[in-house]
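So the structure is just underneath, and the comments pick up after that.
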Protein chains: 2
Amino acid sequence: MTTRTRKSAKERKTEIVDATLRLAGEIGPDRMTTELIAKEIGISQPGIFRHFPTKGAIWEAVGQHIGKLMQAKVALTKKKGALPVDELRDFVIGHLTFIETTPAIPAILFSRELHAENEKLRTFFAGLIASRHSHFSKLITAEIDSGRFKKTIDPDDASFLVLALIQGLAMRWSLNNRSFDLPSEGAQLLDLLLDGFKA
Amino acid sequence: MTTRTRKSAKERKTEIVDATLRLAGEIGPDRMTTELIAKEIGISQPGIFRHFPTKGAIWEAVGQHIGKLMQAKVALTKKKGALPVDELRDFVIGHLTFIETTPAIPAILFSRELHAENEKLRTFFAGLIASRHSHFSKLITAEIDSGRFKKTIDPDDASFLVLALIQGLAMRWSLNNRSFDLPSEGAQLLDLLLDGFKA
DNA sequence: CATGTTAGTTATTCATCACTAACTACAACT
DNA sequence: AGTTGTAGTTAGTGATGAATAACTAACATG
C-alpha cells in the first residue's frame with residue numbers, strides 16, 4: 001500500500017512460525033491456509049513464499065520450534081534433589097501446563113492428516129515421543145530399583161500408561177472445548193495411576 | 001458404458017458407507033473424496049450424490065454404522081456370570097480386536113478435522129465415548145463395592161484411565177503402522193493398570 | 001548517490017473437490 | 001408395449017488454496 005516498514009527475513013520467519021502455531025491452536029492445523037497466516041501477520045499471501053518454499057516447510061519449522069520449547073520446558077523442570085517419582089510428576093504436570101498455554105501442541109501432535117502429508121514432521125514427533133517414553137521409563141525403573149514401586153512392573157508398559165494418560169487427557173480437553181483445568185485434572189489422574197504402582 | 005447392472009438405492013447406500021469406512025482406514029478420513037468412493041464401488045463421482053445429498057451426510061451414515069457395529073460388539077461381550085473386572089477386561093480387549101479389524105474407527109473417532117466440520121458427528125461420537133465411560137465407571141464401582149478394588153479409587157478417574165489406555169494404544173498402533181498386536185499389547189497394559197486398582 | 005539485493009506487491013495459474021444440470025437407460029408395473 | 005420412476009451418465013461450475021511470474025520499492029553499502 002503506502003509506506004510500509006519492511007522486516008528482515010529472520011524476523012518474518014519467526015512471525016510466520018508464531019502465527020501458524022497460534023492459529024493452529026485456534027482454528028485447527030488442518031484449517032490453516034497461507035492466506036490466513038499472511039493476514040495474521042499483515043503481508044500478502046504470496047509474500048509467505050518469500051520465506052518458505054512450501055507450506056510443508058512452514059510446518060517443519062513449527063515442529064522444530066515446538067521441539068525447542070519443549071526442550072526448554074524440560075530444562076526448567078529438572079530438580080536434581082527430588083525423587084524420581086516427583087520428577088516424573090513435575091514433568092507431566094509441567095507438560096500439561098505447557099499444553100494449556102500452547103493448545104496447538106496436541107492439535108498438531110495428534111493430527112493424523114498433517115503427519116500423513118509430512119514425513120519429516122512425523123518422524124520428528126515420533127522421536128519426541130520416544131524420548132519422553134524412555135525418560136519416563138528410566139524414572140520408573142529408578143523407583144522400582146529403590147523398592148518404592150512394585151518389582152513386577154514393566155517400566156516400558158508403565159511409561160506407556162503415563163504417555164496415554166497425557167494424550168488421552170489432552171484429547172478429552174480439546175473435545176470438551178478446553179473447559180476444565182488440564183494440570184489439576186492431570187495431577188489427579190496421575191496420582192491414581194502412580195498409586196497403583198507403589199509397592 | 002456397456003451393459004451395467006443397476007443396483008437398488010439401499011444396496012448402493014450400504015456400499016458407499018462400507019467403502020468409505022474401508023478407505024478411511026487405509027488412506028485416512030481427511031483424504032477421502034467422493035471421487036475415490038465412486039471409483040471404489042464402480043460408479044461415477046456424481047452418482048454418489050444420487051444417494052447422499054452432501055458428503056457430510058455420508059459421514060453421518062458412517063457414524064451411525066460404526067455405532068451399530070459397536071453396539072453389536074457390546075452385546076456379544078456381555079457374559080452375565082463373570083466378575084465386573086472380567087467384563088471390563090473382555091470389553092476392552094473386544095474393543096481392541098474390533099479396532100484391529102476396522103482400523104478406520106480410531107482414525108474417524110479422533111479426527112479433529114472431521115469433527116470440526118460436522119457438528120452432528122462430533123456430538124454423536126461424544127455420546128459414544130460418554131456411554132463407554134459410564135459403563136466402565138459402573139463396572140469399577142462394582143469392584144470397589146465388593147472390596148476387590150481399593151476404596152480410595154474414584155471410579156470416574158479410573159474409567160478415564162482405561163479410556164486413555166485404549167486411545168493411546170490405538171494411536172501408537174496407528175503411528176507404528178499397525179505393526180504390533182493390538183489386543184495382546186492392550187491386555188498387558190490393562191493388567192498392569194487394573195493390578196494397581198486392586199485392594 | 002548509484003547499484004545490487006531482497007522483501008514485498010498484484011495478477012494469474014493450476015489442481016482439487018464438492019456439487020449441479022441435463023440428459024439416458026434400466027426395470028417394474030399396469 | 002407403453003409409461004414412469006429412478007439409478008446412472010457426461011459435462012460443467014464455483015470455490016478454494018498452493019504456488020508462480022513479473023514487477024516494485026525499501027534498504028544497505030562502496
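In the text below, chain A, chain B and the rest are named by the order of the sequence lines, each starting its count at 1.
Note on B:His51: a side-chain N or O is less than 4.0 Å away from OP1 or OP2 of D:dG8. For C:dT9, the OP1/OP2 oxygens have a side-chain nitrogen or oxygen of A:Ser44 closer than 4.0 Å. Between B:Arg12 and the phosphate of D:dG8, there is a side-chain N or O to OP1/OP2 separation shorter than 4.0 Å.
Taking a cutoff of 4.0 Å between a charged side-chain nitrogen and a carboxylate oxygen, A:Glu40 and A:Arg22 qualify as a salt bridge. A salt bridge is defined here as a Lys NZ or Arg NE, NH1 or NH2 lying under 4.0 Å from an Asp or Glu carboxylate O, and A:Asp195 with A:Lys198 meets this definition.
Screening residues 157-178 of chain A for salt bridge (Lys or Arg N to Asp or Glu O under 4.0 Å) gives A:Arg172-A:Glu185 as the qualifying pairs, with residues at least two apart or on separate chains.
Atom-to-atom, CD1 of A:Ile48 to P of C:dG8 comes out at 9 Å; the value is rounded to the nearest Å. Look at NZ on B:Lys13: it is 16 Å from C1' on D:dG8, rounded to the nearest Å. A straight line from CD of B:Glu15 to P of D:dG8 spans 8 Å, rounded to a whole angstrom. Atom-to-atom, NZ of B:Lys7 to P of D:dG8 comes out at 9 Å; the value is rounded to the nearest Å. As a whole-Å value, the separation of B:Asp30 CG from D:dT16 P is 20 Å. Distance A:Ile43 CD1 to C:dT6 P: 17 Å, rounded to the nearest Å. A:Trp59 places its CH2 atom 14 Å from the P atom of D:dG17, with the value rounded to the nearest Å. Computed from coordinates, the A:Phe52 CZ to C:dA7 C1' distance equals 14 Å when rounded to whole Å.
Looking at B:Thr141, its side chain never comes within 3.5 Å of a backbone N or O of B:Pro155 through a donor-acceptor pair.
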Contact list (N/O, under 3.5 angstrom) for nucleotides 19-23 of chain C vs protein:
residue: C:dC19; atom: OP2; partner: B:Lys55; partner atom: N; Å: 2.6
residue: C:dC19; atom: N4; partner: B:Gln45; partner atom: OE1; Å: 2.6
residue: C:dC19; atom: N4; partner: B:Gln45; partner atom: NE2; Å: 3.3
residue: C:dA22; atom: N6; partner: B:Arg50; partner atom: NH2; Å: 3.2

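Geometric assessment of A:Lys13 against the ring of A:Phe52 yields a positive cation-pi assignment under the 6.0 Å and 45° thresholds.
Of the listed nucleotides (C:dC17, D:dT9, C:dA25), C:dC17 has the atom at the smallest distance from the side chain of B:Thr33.
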Pair up each side-chain donor or acceptor in residues 53-75 of chain B with any protein partner under 3.5 Å, not counting sequence neighbours, and list the distances.
residue: B:Thr54; atom: OG1; partner: B:Gly56; partner atom: N; Å: 3.4
residue: B:Thr54; atom: OG1; partner: B:Ala57; partner atom: N; Å: 3.1
residue: B:Lys55; atom: NZ; partner: B:Met32; partner atom: O; Å: 2.7

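The aromatic rings of A:His133 and A:Phe160 sit parallel to each other, their planes meeting at less than 30°, with 60° as the upper class boundary.
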